Asks: 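The structure follows.
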There are 2 protein chains.
Amino acid sequence: MKENYTIKDIAEMAGVSKGTVDRVIHKRGKVSPAALEQVNKVLDKIEYKPNPIAKSLKNNKNYNISILLPDAEADPYWEPCYEAISQVENEFSHFGIKIHKSLFKPSSTKSFKKAADALIDSKPDAILMVPLFYIEAENVAKRCVEADIKIATFNNYIKDHKINFEIGQDLFQSGRVAAKLFNMLLGKSGSIAILHIDEAFQNASHMQEKERGFKDFFNLNKKLDFKIDVHNLKKESKITFDQTIENFLKSIDPIDGIFVTTSKAYLIANHIATYTPDSVIIGYDLVSENIKYLEENKIAFLIHQDPKKQVYLSLTNLIEFFLFDKPLQESVLLPIDIINTENFPQYLN
Amino acid sequence: MKENYTIKDIAEMAGVSKGTVDRVIHKRGKVSPAALEQVNKVLDKIEYKPNPIAKSLKNNKNYNISILLPDAEADPYWEPCYEAISQVENEFSHFGIKIHKSLFKPSSTKSFKKAADALIDSKPDAILMVPLFYIEAENVAKRCVEADIKIATFNNYIKDHKINFEIGQDLFQSGRVAAKLFNMLLGKSGSIAILHIDEAFQNASHMQEKERGFKDFFNLNKKLDFKIDVHNLKKESKITFDQTIENFLKSIDPIDGIFVTTSKAYLIANHIATYTPDSVIIGYDLVSENIKYLEENKIAFLIHQDPKKQVYLSLTNLIEFFLFDKPLQESVLLPIDIINTENFPQYLN
DNA sequence: AATTTATGTGTGTTCGAGCACATTTTTATT
DNA sequence: AATAAAAATGTGCTCGAACACACATAAATT
């Protein structure tokens, strides 16, 4: 019934040779109508699927996958991605998979472009990238399609139907998750500041989506009465980034909640005791500085975007596509993990 | 440098035939000291790992994996496990993997035993089970080892070093997660009831671990002043389970928080408005009844144990072990997911 | 020295898919 | 009817690991 048939089996059943069966399956022509019918009759009956292992062995190709992501020196948020890469390399190197890591400076469009150009020139089988710069990333995607390179993205999205695989989080919804948490912690009313803290605003669309979701939650819940202010904080000239933050806190009235849309919540948590000690902070990402303040109860919750999982799943999806013809999933949304002092360790593996 | 060498390559380098190399690698003897040294010299230099795909093709075996879990008719908690099974079947049937599902009644030790006996008699390559009944499960594990059947567990643990793969959650820690959530919602003091709601107390150890973790959190935080009561609720004779719950609520004073250690939080949420409307409820598991009350804000948080993921990972781990010799991970702890109204949909896939 | 036994060593086949190439059969052309 | 061209079909090899088996060489026995 649900046996695993081989081409040889089919050939016998149809009374032809395996060569003919092969031609039918791959629609290579050079088959008489009579033989075609015989083979198709068998094929209809048994639902043949070629043995993926045999197929892979015959194919016996090495696959090069390049991954283009920001330098973790500039932002430790990307560190876990490196771990995922090593892990995948270890698991799949003996399957003929080679992964090449290429870094760019998250503050420099030029550095992204340069690294991307080099990658495309090296003609890998696939490129996985963080499309931090929209227009440039679209251009990369376009050139990949032309050069027959599979293209995948993670962490950010570009609206581009050429992308073969994309993974990330529903950022709008993650804003709503944060809003709900504030709602539960603060009750029916209060004042909350949304802080977009970023050195160079590369994450503009990221931050805006979160803000939209956050506001959406409070707008749709008519019983709630929250005052929400938005502040863009970037590095001011002549002083440190940290001082910029401190100056900001000095300038505002005490508030009930602070929602930091980037991984920089620790910069606020650092000064909270001095300026607005009762503020509840919710931020993003399990970078070590954030975890430190989480454990000190200066950050209430963190939302985890799991960059490591994003990279792991992207790479394994591509690999299984290359090796075993598993279809690429196109678009994957990861869960929005809520993190407190007690459950963060399990998310760090 | 990091090339993929074949046995043929090694044979050439060592100046012997592939048969000899094969005998060295598999320590089958019948090799002269001189040839042995030659081959080992090459082997040391290149770090040979056999091509897992070729190995798998040569092996060309069908693997039968049996899974023994409770009937979802009795408890919808298990429903997602069935989905995981279907998913794995679809993904791996063409790799020669056959999965056989066997159900038992979670209230009946006898039914577990009977199903387990039948499974062992059918001599599958592996059995994945929910070890709901400790002693019986230990016995199953023992007999699997004797019959050379790989044995894996999920959802519950048995302290048995014979288990080849086990997956679940750190239940003690999940109790602490719940405690922290109450702490954040209720502040520095309050009264909380721990409710063990279960029709037959099969989950005794489960519930106790969660209780221990929960209490541990409050005991270690000396600044907190919480009154914690524990109640075991099981079905009373002559009335429905639902009525039993109602009677309980009538009998107690209003409380600030209710921690339900099982998936039955909905039974409480159902009556909360009548008896103790301001109580905050935290429970376990994304069963549809719980989600309903979560959306109505009658349940504050749910903790997700992801039974689907447990089954999926168990099966894929076993499969990759059989097909590609990937080592079994032995013990896997899943993250303790915190769920509110905004992030539950992403966890249901 | 002749024959048996033990010990090495290499060759050839299998797993299933895929494709090149050789061979046979059919159709078209003189 | 004879030959050429085209179409259809089958055979055989490859991918890499694993192992059976045949063959060679050396050591032990009569």
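In the text below, chain A, chain B and the rest are named by the order of the sequence lines, each starting its count at 1. Fair warning: this is a prediction, and the values are worked out from it, not measured in the lab.
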Asks: Within less than 4.0 Å of OP1 or OP2 of dG16(D), is there a side-chain N or O belonging to N60(A)?
Replies: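 For N60(A), the contact criterion (side-chain N or O under 4.0 Å from OP1 or OP2 of dG16(D)) is met.
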Asks: Let me know, please, whether I53(B) or R28(B) comes out on the 5' side of the other along DNA chain D by nearest nucleotide.
Replies: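 Counting from the 5' end, the first nearest nucleotide belongs to I53(B).
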Asks: When you measure from the side-chain N and O atoms of T20(A) to the phosphate of dG10(D), is any distance below 4.0 Å, counting only OP1 and OP2?
Replies: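 Indeed, a polar side-chain atom of T20(A) lies that close.
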Asks: Distance check needed: dA17(D) C1' versus I10(B) CD1, whole Å only.
Replies: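 Answer to the nearest Å: 11 Å.
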Asks: Below 4.0 Å from chain A heavy atoms, what is the first contacting nucleotide of DNA chain C and what is the last?
Replies: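 So the outermost contacting nucleotides come out as dG16(C) to dC19(C).
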Asks: Write down the distance between CD (E12(A)) and C1' (dG10(D)), rounded to a whole number of angstrom.
Replies: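 Distance check: E12(A) CD to dG10(D) C1' gives 14 Å.
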Asks: Are Y312(B) and N317(B) linked by a side-chain donor-acceptor pair shorter than 3.5 Å?
Replies: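 No.
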Asks: Please state how far atom CG in D22(A) lies from atom P in dT9(D), giving the value in whole angstrom units.
Replies: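 Those two atoms, CG and P, are 14 Å apart.
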Asks: Does F154(A) have its ring centroid less than 6.0 Å away from the ring centroid of F165(A)?
Replies: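 No - the distance between ring centres of F154(A) and F165(A) does not fall below the 6.0 Å cut-off.
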Asks: In whole angstrom, give the distance that lies between atom CD1 of I25(B) and atom P of dC19(D).
Replies: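 In whole Å, dC19(D) P and I25(B) CD1 are 12 Å from each other.
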Asks: Let me know the distance between NZ of K8(A) and P of dG12(D), rounded to the nearest Å.
Replies: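 Value for this atom pair: 13 Å.
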Asks: N59(B) CG to dA17(D) C1': how many Å, rounded?
Replies: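 The answer, rounded to whole Å, is 10 Å.
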Asks: Could you tell me how the ring of F112(A) sits relative to the ring of F133(A): parallel (under 30°), tilted (30 to 60°) or perpendicular (over 60°)?
Replies: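 Ring orientation, 0 to 90° scale: perpendicular.
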Asks: I need the I53(B) CD1 to K58(A) NZ distance, nearest 0.5 Å.
Replies: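 It is 14.0 Å, given to the nearest 0.5 Å.
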Asks: Give the ring-plane orientation class for Y63(A) versus F322(A), where under 30° counts as parallel, over 60° as perpendicular and anything between as tilted.
Replies: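 Ring orientation of Y63(A) relative to F322(A): parallel.
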Asks: Which is true for N51(B) with a 4.0 Å heavy-atom rule: it touches a base, it touches only sugar-phosphate, or it touches nothing?
Replies: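 Sugar-phosphate contact only - N51(B) comes under 4.0 Å of backbone atoms but never of a base.
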Asks: Under 4.0 Å between any heavy atoms, over every strand shown, what does I7(B) touch: base, sugar-phosphate, or nothing? Just pick one.
Replies: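 Sugar-phosphate contact only.
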Asks: Please work out if K30(B) contacts a base, only the sugar-phosphate, or nothing of the nucleic acid, heavy-atom cut-off 4.0 Å.
Replies: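 Base contact - K30(B) has a heavy atom under 4.0 Å of at least one base atom.
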Asks: With rounding to the nearest 0.5 Å, note down the distance linking NE2 in H94(A) to NZ in K55(B).
Replies: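 The NZ atom of K55(B) is 11.0 Å from NE2 of H94(A), to the nearest 0.5 Å.
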Asks: How is K18(A) classified with respect to the nucleic acid when contacts are heavy atoms under 4.0 Å: base, sugar-phosphate, or nothing?
Replies: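 Result for K18(A) = base.
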Asks: Could you check whether K58(A) gets within reach of a base, just the sugar-phosphate, or nothing at all, counting any heavy atom under 4.0 Å?
Replies: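 Base, at least one base heavy atom under 4.0 Å.
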Asks: If I take atom CG in residue L323(B) and atom C1' in nucleotide dA17(D), what distance separates them, rounded to the nearest angstrom?
Replies: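 Rounded to whole Å, this separation is 15 Å.
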Asks: Go through the structure and list residues passing salt bridge (charged side-chain N to carboxylate O under 4.0 Å, His left out) with D71(B), not counting sequence neighbours.
Replies: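 If we apply the salt bridge (charged side-chain N to carboxylate O under 4.0 Å, His left out) test to D71(B), skipping adjacent residues, there are no hits.
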Asks: Once you round it to whole Å, what is the distance between C1' of dC15(D) and CG of L57(B)?
Replies: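 About 9 Å, once rounded to whole Å.
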